[in-house]
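Report on one structure; see the data block that follows.
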Amino acid sequence: LSVFGVVRGAVRKWSWEFFFLGAGFMLLETKSITQFALLWGSTWVVASLTIASVLVMALVANWTVARVEIRRPRLVGAVLLGLLAVNYVVPVGTIAIASRLVESVVYSLLVFSPIFCAGLLFGSSIKRSPDVTIDYGANLLGAMVGGVAEYLSLLMGFQFLLILVGVFYIGALATRRPAPALS
């Protein structure tokens, strides 16, 4: 054992699942900030409220995962991909609604529901993690890659980011570790 309690020479397995989860989530977050800036204006209040909403959705997802076992993550992933498709087909601002309040609620549900599903996937994965330090590190690196990938919107447009988010979450689902066997 080393000074830090880690076995010398131990191989720690990299987690592509958490890398892809981090990249996808970062793009979802930055896309939501951009969308609401287009809807309500680009002010610090809008950005603050959007970030707070993202954090609330992540909190609610983690609260849900703490109380409910996610037994069918692929179903959650399918719902997430479906919601991304709806967001792609119905961009923020395309539906004219007379009431600003109703419009805000509709677009909030549209934009933040994928974040809830993403939180369910992350929470259920981290709950089963054999090595949280490696998985959080991979997630953080993925988030940084997702942040850099946001610049693709300058070439491809903001709607393209939804396709990229979908690709990242498909990657996360494809590399998800199998559930540990019950003994």
>> Give me each pair satisfying salt bridge (charged side-chain N to carboxylate O under 4.0 Å, His left out) with a member in residues 109-124, each pair once, sequence neighbours excluded.
In response: none
> How is the hydrophobic cluster of V79 composed, in terms of its other members, when Ile, Leu, Val, Met, Phe, Trp and Tyr link through side-chain heavy atoms under 4.5 Å apart, directly or indirectly?
Replying inline: L83
> Which residues, ordered by chain and number, are linked to Y151 in its hydrophobic cluster, where ILVMFWY side chains connect at heavy-atom gaps below 4.5 Å, directly or through other members?
Replying inline: L154
>> To the closest 0.5 Å, what do you measure between OG (S15) and CG (D135)?
In response: 4.0 Å
> Closest approach of L80 and C117, non-hydrogen atoms and distance?
Replying inline: CB-CB, 3.8 Å
> Who else is in the cluster with L49 when I, L, V, M, F, W and Y are joined by side-chain contacts under 4.5 Å?
Replying inline: W44, V45
> Does any N or O in the side chain of T175 come within less than 3.5 Å of the main-chain N or O of E17, such that one atom is a donor and the other an acceptor?
Replying inline: yes
> What is the minimum heavy-atom distance between A149 and L164, and which atoms define it?
Replying inline: CB-CD2, 3.8 Å
> Taking atom types as modelled, is there a side-chain donor on S104 or W40 under 3.5 Å from an acceptor on the other?
Replying inline: yes
>> Just to verify, what does R100 make a side chain to side chain donor-acceptor pair (under 3.5 Å) with, not counting sequence neighbours?
In response: E103
> Partners of F168 by ring-ring contact (aromatic ring centres under 6.0 Å, His included), sequence neighbours excluded?
Replying inline: none
> Roughly how far apart are L81 CG and Y169 OH, rounded to 0.5 Å?
Replying inline: 10.0 Å
> Is there a path from L162 to L155 through hydrophobic residues (I, L, V, M, F, W, Y) whose side chains come within less than 4.5 Å of each other?
Replying inline: yes
When the side chains of residues 67-74 are checked against the rest of the protein, which donor-acceptor pairs come out under 3.5 Å, sequence neighbours left out?
{"residue": "R67", "atom": "NH1", "partner": "W63", "partner atom": "O", "Å": "3.4"}
{"residue": "R74", "atom": "NH1", "partner": "L173", "partner atom": "O", "Å": "2.9"}

> Can you check side chain to side chain contact (heavy atoms under 4.5 Å, CB included) on I126 and Y136, steps first, answer last?
Replying inline: CA-CA 9 Å; I126 203 72; Y136 273 134; 3.9 Å; yes
> Can you check whether F18's main-chain N or O pairs, donor with acceptor, with N139's side chain at less than 3.5 Å?
Replying inline: yes
>> Filter on salt bridge (charged side-chain N to carboxylate O under 4.0 Å, His left out), then keep only pairs touching residues 149-173, sequence neighbours left out; what's left?
In response: none
> For the atom pair CG (L161) and CE (M156), what is the distance rounded to the nearest 0.5 Å?
Replying inline: 10.0 Å
> To the nearest 0.5 Å, how far apart are OG1 in T64 and CG in L59?
Replying inline: 9.0 Å
>> Show every ring-ring contact (aromatic ring centres under 6.0 Å, His included) that has at least one partner inside residues 83-114, sequence neighbours left out.
In response: F36-F112
>> Rounded to the nearest 0.5 Å, what separates atom CZ in R177 from atom CZ in R128?
In response: 8.0 Å
>> Taking side chain to side chain contact (heavy atoms under 4.5 Å, CB included) as the definition, give me every residue that meets it alongside V102, ordered by chain and number, with sequence neighbours left out.
In response: I97, S99, V106
> Apart from I51 itself, what residues make up its hydrophobic cluster, given side-chain heavy atom links below 4.5 Å?
Replying inline: I33, L55
Under 3.5 Å, sequence neighbours excluded: what are the donor-acceptor pairs made by side chains of residues 19-32?
{"residue": "T30", "atom": "OG1", "partner": "M26", "partner atom": "O", "Å": "3.1"}
{"residue": "T30", "atom": "OG1", "partner": "L27", "partner atom": "O", "Å": "3.2"}
{"residue": "K31", "atom": "NZ", "partner": "Q159", "partner atom": "OE1", "Å": "3.2"}
{"residue": "S32", "atom": "OG", "partner": "L28", "partner atom": "O", "Å": "3.4"}
{"residue": "S32", "atom": "OG", "partner": "E29", "partner atom": "O", "Å": "2.7"}

>> Which heavy atom of P114 sits nearest to which heavy atom of N87, and what is that distance?
In response: CG-ND2, 3.6 Å
